[in-house]
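Heads up: the structure comes next, in structure tokens.
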Amino acid sequence: MSRAIPRTYWVAGTAVLLALLFAAAATVAAANGGSPAPAPAAPRTPGLHSADAGFARDMAVHHQQAVEMSFIVRDRTQDEAVRTLAYDIANTQANQRGMLLGWLDLWGLPKVVADEPPMSWMGNSAGHGGHAGHGPAKPGALMPGMATKEELEQLGAASGRDAEVLFLQLMTDHHKGGVTMAEGCAQQCGTPVERDLAQGMVDAQRSELTLMADMLKQRGATPRG
């Protein structure tokens with residue numbers, strides 16, 4: 001049968017523990033010149049029209065169309081290589097889109113800003129990566145690389161090799177536009193984790209551009225333009 005610990009021993013033990021804790025705190029303070037360690041600076045919240053917010057809004061829209069095109073071609077061909085690529089693009093870009101929209105929620109910023117032209121956050125660098133001189137897109141205009149409504153309908157009506165070639169051509173254009181936008185954020189965005197994501201998009205989509213060029217060649221076709 002266990003015996004209860006006398007109250008005096010419990011009090012004494014508590015006193016020793018507190019003394020050790022105070023001694024440790026004093027040691028840390030001394031190591032910092034006698035003053036407590038400074039608290040880390042609060043992260044800066046991006047503004048409504050910042051590059052961080054503009055990229056998050058625009059790329060979320062851009063990614064959504066890539067996911068849509070991937071789902072369309074998945075049902076229009078039985079080619080495993082194309083279906084695998086479409087699945088990878090849809091899965092990756094849907095996840096990235098969720099991150100971008102989540103950051104906007106975290107920052108307390110809207111996902112849509114009325115009358116804000118697409119890519120206006122890029123300023124004069126909107127032509128970076130092969131679109132120099134075009135500047136920010138005009139209100140109502142598509143962002144670089146995005147397919148038109150008619151092209152999406154054409155993809156949905158095609159099948160077999162025709163669907164594969166059109167998908168690869170449309171997604172090649174889409175990736176080129178995405179790389180342009182992601183390079184802009186990698187250079188201009190102030191949030192480190194968003195810059196890292198943007199650079200990751202650049203690297204991954206450039207790799208997929210090489211893959212899609214090879215897949216088009218295998219089908220006797222080439223990228224458009």
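FYI, the numbering just counts along the sequence from 1. Only this structure's heavy atoms are used, side chains among them; waters, hydrogens and symmetry mates stay out.
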Report yes or no: does [X] contribute a side-chain atom to a donor-acceptor pair with the main-chain N or O of [Y] at less than 3.5 Å?
X     : Y      : answer
Gln65 : Ala147 : yes
Asp52 : Pro46  : no
Arg97 : Ala60  : yes
His63 : Gly98  : no
Gln78 : Gly160 : no
Thr77 : Val73  : no

>> Can you list, by chain and residue number, the hydrophobic cluster partners of Val67 when the side-chain cut-off is 4.5 Å?
In response: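 Once heavy-atom contacts under 4.5 Å are chained together, Val67 belongs with Phe71.
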Pairwise distance [atom1]([X]) to [atom2]([Y]) - rounded to 0.5 angstrom:
X      : Y      : atom1 : atom2 : value
Ser70  : Arg83  : OG    : CZ    : 12.0 Å
Leu142 : Lys149 : CG    : NZ    : 12.0 Å
Thr84  : Asp88  : OG1   : CG    : 6.5 Å
Met215 : Leu85  : CE    : CG    : 5.0 Å
His175 : Met201 : NE2   : CE    : 11.0 Å
Met119 : Met181 : CE    : CE    : 5.5 Å

Are [X] and [Y] side-chain neighbours, meaning at least one heavy-atom pair lies under 4.5 Å?
X      : Y      : value
Leu109 : Leu104 : yes
Arg57  : Val112 : no
Val202 : Arg206 : yes
Gln93  : Gln205 : yes
Arg224 : Thr172 : no

>> Assess the residue pair Thr191 and Trp103 against the criterion (side chain to side chain contact (heavy atoms under 4.5 Å, CB included)); give the C-alpha distance rounded to whole Å, side-chain angles, the decisive distance to 0.1 Å, and a yes or no.
In response: CA-CA 10 Å; Thr191 306; Trp103 285 333; over 6 Å; no
> Cut-off 3.5 Å, side chains only: do Gln199 and Asp203 have a donor facing an acceptor?
Replying inline: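 Judged by distance alone, the side chains do pair up.
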Please find the pair of heavy atoms, one from [X] and one from [Y], that lie closest to each other, and give the distance.
X      : Y      : result
Met212 : Leu168 : CG-CD2, 3.8 Å
His174 : Ala66  : CE1-CB, 3.6 Å
Leu48  : Val113 : CD1-CG2, 3.8 Å
Glu194 : Leu100 : OE2-CD2, 4.3 Å
Ala53  : Gly47  : CB-O, 3.5 Å
Arg219 : Asp79  : NH2-OD2, 3.0 Å

> Which of parallel (below 30°), tilted (30 to 60°) and perpendicular (above 60°) describes Phe55 and Trp121?
Replying inline: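 Perpendicular, since the angle between the ring planes exceeds 60°.
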> Out of Arg161, Arg76, Glu151, Gln154, which residue meets the side-chain contact (heavy atoms from CB on, under 4.5 Å) rule with Leu166?
Replying inline: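 The single option meeting the side-chain contact (heavy atoms from CB on, under 4.5 Å) with Leu166 is Gln154.
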> Is it the case that one hydrophobic cluster holds both Phe167 and Tyr87, taking links as side-chain heavy atoms less than 4.5 Å apart, direct or via other members?
Replying inline: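 Phe167 and Tyr87: separate clusters.
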